[in-house]
Amino acid sequence: MQKPGTAPARGPDAPSAADAPAQVAPEAPIVPDAEFDAALPAISNDINAPLEPMPAASQPTAGQPATATQPPIVPGQLPAVAPVDPVLAQPLEPLGSFDTVPLQTVADVKDANAPEIAYATEVRGLDPLGLTDEFNSLSALREGKGKAANATQVSARAREDEALAVRLMKSLGYYDGTAISTIENTPDTKLRAIVSATPGTIYRLGTITVNAQPTVPTDLVRRELPLREGDAIEAARIQGAEANVSLKLPQQGYPFVNVGERDVLLDDATHKGDYTLPVDTGPRSSFGVLRTEGDAVFDLKHLNVFPRFDRGQLYDARMTDDLREALVATGLFNGVGVQPVRTGVPGPDGTEQVDLMVRQTRGPARSLAGSVGFQTGQGVTAEGTFTNRNRFPPEGALILGAIAGTQQQGLSATFRRQNAGKRDRTVTLIASALRANYDAFEAFTGTLSGRISYDSTPIWQKKFTYAFGFELVGTNESVFDFDLNGRTRRTYGVLALPGQVLFDQSNDLLNPTKGYRLKLNLSPETSVQGAVRPYGRALVEATGYYPVSDSLVIAGRARAGSIFGIARDDIAPSRRYYGGGGGSVRGYGFQRLGPMEPLSSLTPDEDGNVNLSDLRPVGGRSINEFSLEARYRFGDFGIVPFIDAGNAYESVMPTGKDLRFGAGIGGRFYTNFGPMRVDVATPLNRRAGDPRVALYLSIGQAF
């Protein structure tokens, strides 16, 4: 037991009194404050003063162990660094050696030995919105065609389709729409991926605000923006309405309109969206003058033939498009553009004058063309032309043509100037030489003709067109002389002033499917063959086209012609009327319908029989023809059953008696330059000597 103030008892290992540390008073600090303050360095009030030097490292004293210290840092000398790892010192590998194949996800990884899994797809909730078909056409699940590497891949596709369903619902105004996908196992071990869509409430337009400059009339922009309060906020409807503004304003004097970005502020409490559209209308404009740049095909003088507008007229983008399309129709450009250009020049009625910049890129002016056809009674006919469309600028074309066939051969040279002083007016001069050898006649004919016409073009089909001109014809032909009861040759000179008018209400030049056409040809002529004999030729034709459906068109034609004021035998045989052939009554030979040579001109055989096929047609002064076709088209092909009727007559007016009927079926192959036609026909009231079957190969419909 210890007493107070005595030292504790010591054991055998207890330290001696000499080894014990000095005792410290319990309340005394370890380092007195005065000693601590004295050890602190002096503090300067200058914040820009340099830092105090670091104290030098103390050196070990005798009897103290050496401690590891950093080598002293010498100013201006880098400290020593550790040895470099040899691997780090090697050069980097070239970029081309790296594997650039994208990382594959779990859904993409497929074990070559693992079989594909099959799955079915089901979409729910979109059918009432009419979105199922569009969803199926864009679906990632549908694109996989029911096959996947694993279930993870099916799930990934289903999540893509969730987002697709939401986008489609928003496009119809269902902005609260949601979609969720689930993957189920079916009893046949086949997965079923189900995408369930919930459209929610449709959002409708609230207020409609248009921010635009003042216009004439004042409500022009709003009037051409076909949106109403309460309409569903459908993406296609909104975009279509804005596109209508961009289309209609340039047609009413604002060529530089710019429709800005719409803003739709949705309110999920009322399910309405307030719509705001900024529109920069630009200045109200009127037409100025034409300018041109580029590789010029036409100068400004000829360019000014094409516009259908006057200077100072209110700008209309349709007139600008019309000008560009008329230039394209010339076929002389690789590219042509027409753009409005601001001038800052005041125009009438507070408008600004806008010039049109025509940018021209010259195209090839020369071309070769050819066609081959076959018709029973005419044989094979091949035609070829070489055209230099701008040999005599502007638009003065030189056309050299040749015909080589089993029954006709000829050469021709044509000068043609299109848009001659007036748009769509064509002046044509033709010189030709032709030999024709048919059952009706054999003729060597030279022709010089001229024609002025107002024509339709492939781009602009006109309702009313006309043509008039002259023909000087010299022809030497074989003709049946009834006084001699045999064939002889005669030479005829013909001066004709032909004219034509056409009223066209059909919808296409090459392959009409609806509408009708009315055509009248009238030609006062004079025949010189020993004496001058004036007479007249007339031909009227009506065609109609009725679409029964998108695939079936009923087409009909009626035609009648007359030559009056002259006896038939005083008319050159090549200018008389004949029936039969591919453009007339199919099933009969070319020109085989109409008056024939008398039987007395034939020599009976030893049995006293006369072969009517040896009779040759002599032609008539009148003709009538009727045709009816059912044109059924499927894709680029078509089938056309048809029936034709007609005949030619010696009388001035067609009588309608002794009509000959032909029927058959044709095939059509539709191309971008018109249908190719193959018709097979047979005569229904066949005469002795008529063919049983006739074949016609050509380009274009029969009428």
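Heavy atoms only: backbone and side chains are in, while hydrogens, waters and symmetry mates are out. All of these numbers come straight from a predicted model, not from anything done at the bench. One-based numbering along the sequence shown.
The NZ atom of K170 lies 12.5 Å from the CD1 atom of I233; values are rounded to the nearest 0.5 Å. One finds the CZ atom of R159 at 12.0 Å from the CD1 atom of I180 (value rounded to the nearest 0.5 Å). Atom-to-atom distance recorded for T426:OG1 and Q418:CD is 5.0 Å, nearest 0.5 angstrom.
Residues satisfying the ring pair (Phe, Tyr, Trp, His ring centres under 6.0 Å) test with Y466, not counting sequence neighbours, are Y454.
Across all non-hydrogen atoms, the minimal contact from D355 to G288 is OD1-CA, 3.5 Å. Considering all non-hydrogen atoms of both residues, T351 and S286 come closest at OG1-OG, 3.0 Å. E352 and G344 get closest at one heavy-atom pair: OE2-N, 3.1 Å. Taking every heavy atom of both residues into account, D679 and G667 meet most closely at OD1-N, 4.4 Å. In terms of heavy atoms, N507 sits closest to Q461 at C-OE1, 3.6 Å.
S139 and D161 share a side-chain donor-acceptor pair at under 3.5 Å. Q360 and T292 share a donor-acceptor pair across their side chains, judged by distance under 3.5 Å alone. Side-chain contact check for R557 and T543: no donor-acceptor pair (N or O, by modelled atom type) lies under 3.5 Å. Judged by distance alone, the side chains of R157 and Y119 do bring a donor and an acceptor atom under 3.5 Å apart. Side chain to side chain, S367 and R389 meet the donor-acceptor criterion of an N or O pair below 3.5 Å.
No more than 12 heavy atoms of other residues, nucleotides or ligands lie within 6.0 Å of CZ in R366, so this atom counts as exposed by the packing criterion. More than 12 heavy atoms of other residues, nucleotides or ligands shown are found within 6.0 angstrom of CG on D219. Within a 6.0 Å radius of CE in M319, other residues, nucleotides and ligands contribute more than 12 heavy atoms. Other residues, nucleotides and ligands contribute at most 12 non-hydrogen atoms within 6.0 Å of the OH atom of Y546. Counting heavy-atom neighbours within 6.0 Å of Q505 CD, excluding the residue itself, gives a total above 12. Surrounding CZ of R223 are more than 12 heavy atoms belonging to other residues, nucleotides or ligands, all under 6.0 Å away.
A salt bridge links R262 to E242: one of the charged nitrogens lies within less than 4.0 Å of a carboxylate oxygen. A salt bridge is absent between K462 and D504; no separation between the charged side-chain nitrogens and carboxylate oxygens falls under 4.0 Å. With respect to D322 and R308, a salt bridge is recorded, a charged nitrogen being found less than 4.0 Å from a carboxylate O. In this structure, D299 does not pair ionically with K301, as no charged nitrogen and carboxylate oxygen lie closer than 4.0 Å.
The closest donor-acceptor contact from the side chain of Q213 to the backbone of T281 lies under 3.5 Å.
Between F306 and F298, the ring planes are parallel. Angles under 30° get that label, and only those over 60° would be called perpendicular.
At least one test fails for R668 against the ring of F637: distance under 6.0 Å to the centre or angle within 45° of the axis. At least one cation-pi condition fails for R222 and Y275: the charged atom is not both under 6.0 angstrom from the six-membered ring centre and inside a 45 degree cone around its axis.
Results of the side-chain hydrogen bond (donor to acceptor under 3.5 Å, both in side chains) test with E224 over K248, Q251, Q252 single out Q252 as the only residue that passes.
Counting heavy atoms from C-beta on, the side chains of S285 and P340 never come closer than 4.5 Å.
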| field | Pair E116-K147, salt bridge (charged side-chain N to carboxylate O under 4.0 Å, His left out): steps then yes or no | value | CA-CA 6 Å; E116 287 185 324; K147 300 291 184 181; 5.3 Å; no

| query | Is there a salt bridge (charged side-chain N to carboxylate O under 4.0 Å, His left out) between E293 and R291 once you walk through the steps? | reply | CA-CA 7 Å; E293 65 180 19; R291 307 182 192 176; over 6 Å; no

| Worked check of side-chain hydrogen bond (donor to acceptor under 3.5 Å, both in side chains) between Y315 and T320 | CA-CA 9 Å; Y315 184 90; T320 301; 3.0 Å; yes

Would you mind writing out the side-chain donor-acceptor pairs for residues 202-211 within the sub-3.5 Å range, not counting sequence neighbours?
| unit_1 | atom_1 | unit_2 | atom_2 | d |
| --- | --- | --- | --- | --- |
| Y203 | OH | D176 | OD1 | 3.1 |
| Y203 | OH | D176 | OD2 | 3.0 |
| R204 | NH1 | G230 | O | 3.1 |
| T207 | OG1 | D274 | OD1 | 3.2 |

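Annotation: F309 is in aromatic contact with F287 [ring centroid separation under 6.0 Å].
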